[in-house]
**Q** 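One structure, pasted below without further comment.
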Amino acid sequence: MPGDLSDYIVQLIWIILFIMIFTGASQRIQMKIWAYDIRNKLATINNYLDNDKKRVEEAMKKLGFRSPSLIISRYINYFLIEPVSIEPTDIIRRLDSILTTRESFFKDTLKREHPALGRYERSLIESSLEILSALNYIYKVVRHYLLLGEKHNNWILLMQLELVMPEIMRIVETYHKSLDSFINGKPIGDSAGPLLASRLIQLGNTVSTRIMEDTLIAETWLDNRRVFIIKAEGPGSNVGRPGKVLKKLVEELHGNVDLIITVDAALKLEGEETGEIAEGAGAAIGDPGPEKIAIERAAAQHEIPLTAVVIKMGLSEALYTMKKDIYDAVERAVDYVRRIIREKTGENAVVIVAGIGNTIGVTP
Amino acid sequence: MALADNNAITLLLVLVAIALVAQLLLESRAKKKREPKYATKTLLKCTKCGYTIETDYEPGDFVGLIKRRCPKCGEPMIVYGIYDIEIKEKS
C-alpha cells in the first residue's frame with residue numbers, strides 16, 4: 001500500500017510537470033527568477049550611482065561649487081544624437097560638430113558655475129561627471145528593458161537581458177571603481193600613450209613646445225632625428241585633439257614627414273597578457289571617428305608611412321589607476337618606438353610620434 | 001520486485017538532483033575570488049644623478065611635478081611615475 005501511494009505521488013508530479021510545460025507556467029517561473037536576479041543587479045547599479053553622486057557632490061562642494069546637485073542632475077541627463085548615416089556625405093564633419101558641442105557644454109557649464117576654478121580641477125570634475133552620466137544611462141536602459149519585459153511578459157527579452165547582465169555589471173563596476181582615479185587625478189592605464197610621449201620629450205633635446213586645441217606639440221631632437229611629439233596637454237583629464245593637430249602639423253611641414261607613429265592603449269583579447277606591446281599599420285586611436293580619420297587622411301595625402309604601437313590591457317585596467325605592469329610596459333615601449341624610428345628612418349629624418357589617450361596625471 | 005525497482009529509481013533520481021544542486025552551489029561559491037588590494041605609489045627621480053625613491057602617493061602628485069630635493073646630491077627630484085602595486089595580504 002505505501003508503495004502504491006508513492007507511485008501515485010510520482011505520477012502526479014509528472015502530470016503537474018507536463019501541464020506546466022504545455023501551459024507555459026514553467027517559463028513564467030523562469031521569467032520570475034530572471035526578473036528577480038536582474039532587479040537585484042539593478043539595485044546594485046543604483047547603489048553605485050547614489051554613492052558616486054555623493055562622492056562627486058562632496059568633491060564639488062570642496063572646490064567651492066554652490067549647487068553641485070543641480071549641476072550633476074543636468075549633466076547626467078545630457079544626451080547625444082548621432083548624425084544621419086543614411087547620407088554619409090560630410091558625416092565626419094557633422095559628427096565632429098556634435099562632439100564639439102557636447103564637449104563645449106561640459107566645459108562651459110562648469111566655467112560659468114565656477115569661473116575661478118582652475119583648468120586642472122575642472123577637468124577632473126568633468127570626467128567624474130562623465131562617469132556618472134555613463135552609470136546613469138546604463139541604469140536607465142537596464143530598468144527600461146526589465147520593466148518592458150515584465151509588462152509584456154516577454155520572456156525572450158528578459159532572458160537576453162539576464163544573459164548580458166554579467167557583462168553589464170563588469171562595465172558598471174569598472175566605471176564605479178575608476179571614479180577614484182578621476183577624482184584624485186591619478187594616471188590611468190589609458191594614460192600609457194601620453195606617458196610614453198612625455199618620456200620621449202624628457203629623453204630628447206627639446207627645441208620648442210606649443211599648445212594647439214588642448215594638445216601639446218614638442219619639437220625635439222632624438223637619436224639624430226627631428227621628432228615632433230604630440231600629446232594631450234596635462235596634467236588634467238584631457239584627451240586633446242591629436243588627429244586635428246597632427247593633420248595641421250603635417251600641412252605646416254608641407255607633407256615632408258618620413259614617418260608617423262601613433263601609440264595607444266588597446267583592449268587585449270582574452271588570454272593575452274597585460275602590458276604586451278604590439279606593432280601594426282594604421283592609426284592607433286579609439287575615438288568615434290574625426291580624430292582617426294584626420295590622421296589617416298594626413299598620412300594618405302602625403303604618402304607617409306603610418307605605424308601603430310599598442311600596449312595591451314583590459315577595460316578595467318585602462319580606466320583604473322595605472323598598474324605597475326602597464327607602467328613597466330610603457331618603459332619598454334619607449335625603447336620599442338625608438339628602435340622603430342631608427343630602423344625605418346635615416347638621420348635628420350622628420351618623425352611624428354603621437355601619444356594617444358587621456359593624459360590625466362601626466363605632464364607636460 | 002517491480003515496486004522495489006521503482007523506489008530505487010526514485011531514490012536515485014532524488015540523489016542525482018541533490019548532487020546537481022550541491023555542485024551548482026559549490027561552483028558559484030568557488031567563483032567568488034578575493035579581490036586584490038592596491039596601493040598607489042609615486043616614483044621620484046633625481047634630475048641630475050638619476051637616484052630614484054618610491055614613496056606613497058599624495059593627492060596633487062602628477063608625472064613631471066618637481067617635488068623634493070635629492071638626498072644624495074641635493075638637486076630637484078621630479079615625479080617620474082605614478083602606479084598601483086598589489087598589496088599581498090598575509091594569509
Side-chain angles (χ1 to χ4, degrees), chain A residues 1-11 13-14 59 62 118 120-121 123-124 166 173 177 180-181 183-189 191-192 194-199 201-202 216 231 233-237 275 316-317 320-331 359-364, chain B residues 1-17 21 24 27-28 31-50 52 54-67 75-88:
Chain A
M1 193 64 189
D4 290 344
L5 185 66
S6 65
D7 278 356
Y8 284 132
I9 292 167
V10 170
Q11 279 188 21
I13 290 168
W14 279 114
K62 269 187 195 171
Y120 171 67
E121 287 84 4
S123 74
L124 300 185
E173 272 168 27
K177 287 181 187 166
D180 173 63
S181 309
I183 280 188
N184 292 304
K186 297 175 185 173
I188 55 172
S191 310
L195 182 61
L196 180 135
S198 170
R199 281 283 184 277
I201 295 169
Q202 284 168 356
L216 175 105
K231 73 176 275 294
E233 188 193 4
S237 177
S316 56
E317 288 165 327
Y320 294 169
T321 302
M322 187 180 279
K323 301 268 185 304
K324 184 76 166 54
D325 296 353
I326 298 168
Y327 174 81
D328 292 338
V330 172
E331 297 294 340
T359 192
I360 186 167
V362 180
T363 194
Chain B
M1 192 64 186
L3 193 70
D5 281 352
N6 267 347
N7 281 341
I9 289 165
T10 311
L11 188 69
L12 190 70
L13 281 172
V14 169
L15 286 174
V16 168
V21 170
L24 279 172
E27 228 176 51
S28 64
K31 275 181 187 169
K32 284 178 188 167
K33 276 185 190 171
R34 190 182 286 178
E35 282 204 20
K37 286 186 177 174
Y38 291 94
T40 310
K41 297 284 175 186
T42 298
L43 184 73
L44 297 166
K45 190 173 182 180
C46 177
T47 49
K48 194 183 176 193
C49 68
T52 56
E54 194 181 70
T55 60
D56 287 336
Y57 170 84
E58 286 171 1
D61 283 357
F62 58 83
V63 175
L65 174 77
I66 294 172
K67 207 175 171 187
E75 287 296 312
M77 295 188 94
I78 63 157
V79 174
Y80 199 68
I82 296 170
Y83 45 76
D84 263 6
I85 56 163
E86 195 178 332
I87 305 167
K88 288 190 178 132

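The figures here come from the full heavy-atom set of this structure, side chains too, leaving out hydrogens, waters and symmetry mates. Below, read A as the first sequence line, B as the second, and so on, with proteins coming before strands; counting in each chain starts at 1. Just so it is clear, the structure is predicted and the values come from calculations on it, not from any experiment.
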**Q** Considering only heavy atoms, which portion of B:Y80 lies under 4.5 Å from any heavy atom of chain A: side chain, backbone, both, or neither?
**A**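 Both parts, heavy atoms under 4.5 Å.
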**Q** Would you give the length of the straight line joining atom OG1 of A:T363 to atom CD1 of B:I78, rounded to the nearest 0.5 angstrom?
**A**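 Separation between the atoms: 10.5 Å.
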**Q** Drop me the distance from A:I13's CD1 to B:L13's CG, to the nearest 0.5 angstrom.
**A**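 Taking CD1 in A:I13 and CG in B:L13, the distance rounds to 10.5 Å.
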**Q** From A:I326 CD1 over to B:Y83 OH, what is the distance, rounded to the nearest 0.5 angstrom?
**A**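 Taking CD1 in A:I326 and OH in B:Y83, the distance rounds to 13.5 Å.
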**Q** Do B:F62 and A:I360 come within less than 4.5 Å of each other through their side chains, counting heavy atoms only?
**A**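 Counting from C-beta outward, B:F62 and A:I360 never come under 4.5 Å.
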**Q** Could you go through A:N184 and B:Y57, starting from their C-alpha distance and side-chain angles, then the distance that decides it, and tell me whether this counts as side chain to side chain contact (heavy atoms under 4.5 Å, CB included)?
**A** CA-CA 10 Å; A:N184 292 304; B:Y57 170 84; 4.2 Å; yes
**Q** Looking at residues at least two apart in the chain, or sitting in another chain, which of them share a side chain to side chain contact (heavy atoms under 4.5 Å, CB included) with A:Y320?
**A**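 So A:Y320 forms a side chain to side chain contact (heavy atoms under 4.5 Å, CB included) with A:T174, A:K177, A:S178, A:S316, A:K323.
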**Q** How about B:V63 and A:L195: do any of their side-chain heavy atoms sit closer than 4.5 Å?
**A**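 B:V63 reaches A:L195 side chain to side chain.
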**Q** Checking B:L43 against chain A: side chain, backbone, both or neither under 4.5 Å from a heavy atom?
**A**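 Just the side chain, heavy atoms under 4.5 Å.
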**Q** Heavy atoms only: give me the nearest A:G361-B:I82 pair and the separation to one decimal.
**A**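 So the two residues come closest at O-CD1, 4.4 Å.
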**Q** Could you state the interatomic distance from CD (B:E86) to CG (A:D325), rounded to the nearest 0.5 Å?
**A**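 CG of A:D325 is found 9.0 Å from CD of B:E86.
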**Q** If you define the side chain from C-beta out and look only at heavy atoms, does anything of B:T40 sit under 4.5 Å from A:K186?
**A**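 The answer is yes; the side chains approach within 4.5 Å.
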